[in-house]
Amino acid sequence: MSDKFYRMTVRMSIDCNGCYKRIRRVLLQMQDLDSHLIDRKQQRVSVCGAFVPQDVAIKLRNKANRRVEILEIKEIDAGDGHRP
């Protein structure tokens with residue numbers, strides 16, 4: 001497990017309810033993810049957590065059987081959880 005927190009946004013084909021459910025099930029099974037957001041209109045999936053971004057993209061591609069295009073990877077400051 002990585003000690004850095006990331007927010008990664010990927011583009012995936014989400015054509016129907018079956019596609020949405022498959023992607024959601026795959027994301028829920030991943031242990032390293034803290035949260036996820038699936039945007040059906042823009043066909044984007046955002047995930048947050050302590051993970052290796054390339055590994056998550058590969059897992060998502062293999063398990064959901066969809067092409068995954070990484071749009072953005074942003075490192076999140078894991079500080080103490082509150083702002084000054």
Side-chain angles (χ1 to χ4, degrees):
M1 186 164 106
S2 174
D3 58 346
K4 295 182 181 177
F5 285 89
Y6 292 99
R7 186 187 75 195
M8 179 172 70
T9 305
V10 298
R11 179 179 293 140
M12 297 181 74
S13 176
I14 308 171
D15 299 326
C16 61
N17 284 338
C19 300
Y20 173 83
K21 288 178 183 179
R22 178 184 291 165
I23 292 168
R24 185 172 179 269
R25 186 180 67 237
V26 170
L27 291 172
L28 288 173
Q29 290 174 352
M30 290 187 192
Q31 300 296 321
D32 298 339
L33 302 183
D34 288 339
S35 64
H36 67 271
L37 173 69
I38 303 173
D39 185 356
R40 292 175 82 170
K41 280 194 172 190
Q42 294 191 1
Q43 297 192 351
R44 293 181 181 195
V45 178
S46 297
V47 293
C48 294
F51 56 83
V52 179
Q54 291 79 9
D55 291 350
V56 170
I58 290 169
K59 267 189 206 175
L60 197 54
R61 183 188 70 203
N62 291 339
K63 291 187 177 189
N65 200 19
R66 295 264 177 251
R67 188 172 64 95
V68 174
E69 178 185 347
I70 297 175
L71 299 175
E72 178 184 25
I73 299 172
K74 194 176 233 183
E75 190 173 335
I76 298 172
D77 183 19
D80 56 353
H82 67 280
R83 294 181 181 149

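Everything quoted here is computed from the prediction, not taken from an experiment.
- Between R7 and E75, none of the side-chain N atoms (NZ, or NE/NH1/NH2) sits under 4.0 Å from a carboxylate O, so this pair counts as no salt bridge.
- Annotation: side chain of L28 is not in contact with side chain of L33 (no heavy-atom distance under 4.5 Å).
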### Task
Evaluate the criterion side chain to side chain contact (heavy atoms under 4.5 Å, CB included) for residue pair F5 and D34; output intermediate values, then yes/no.
CA-CA 10 Å; F5 285 89; D34 288 339; 3.5 Å; yes
### Task
For side chain to side chain contact (heavy atoms under 4.5 Å, CB included), just list the numbers for R25 and K21, CA-CA rounded to whole Å, side-chain angles, deciding distance to a tenth of an Å, and then say yes or no.
CA-CA 6 Å; R25 186 180 67 237; K21 288 178 183 179; 5.7 Å; no
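- Looking at heavy atoms from C-beta onward, K41 lies in side-chain contact with D39 at the 4.5 angstrom threshold.
- Within the 4.5 Å cutoff, side-chain heavy atoms of M12 are placed close to those of L60.
- You'll find the side chain of V68 stays beyond 4.5 Å of the side chain of R11, heavy atoms only.
- For the pair M8 and V45, the minimum side-chain heavy-atom distance is 4.5 Å or more.
- No more than 12 heavy-atom neighbours from other residues, nucleotides or ligands sit within 6.0 angstrom of CD on Q31.
- Taking hydrophobic clusters as Ile, Leu, Val, Met, Phe, Trp and Tyr residues chained together by side-chain heavy-atom distances below 4.5 Å, I23 shares a cluster with Y20.
- Summarising the geometry of Q43 relative to S13, their closest heavy-atom pair is OE1-CA, 3.8 Å, with the distance given to 0.1 Å.
- Of the N and O atoms on the side chains of R22 and N17, not one donor lies less than 3.5 Å from an acceptor on the other residue.
- The shortest non-hydrogen separation linking R24 to H36 is CG-NE2, 4.2 Å.
- Y6 places none of its side-chain heavy atoms less than 4.5 Å from the side chain of V56.
- For the pair L27/I38, a side-chain contact is recorded, criterion being any heavy-atom separation below 4.5 Å from C-beta on.
- Considering all non-hydrogen atoms of both residues, I76 and C48 come closest at CD1-SG, 4.5 Å.
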### Task
Please report the C-alpha distance between V10 and L71 in whole Å, then the side-chain angles of each, then the deciding distance to 0.1 Å, and finally whether the side chain to side chain contact (heavy atoms under 4.5 Å, CB included) criterion is met.
CA-CA 5 Å; V10 298; L71 299 175; 5.8 Å; no
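- Using a 4.5 Å heavy-atom threshold, the side chains of M30 and K59 count as touching.
- Annotation: the span from L37 atom CG to R44 atom CZ amounts to 11.5 Å, rounded to 0.5 Å.
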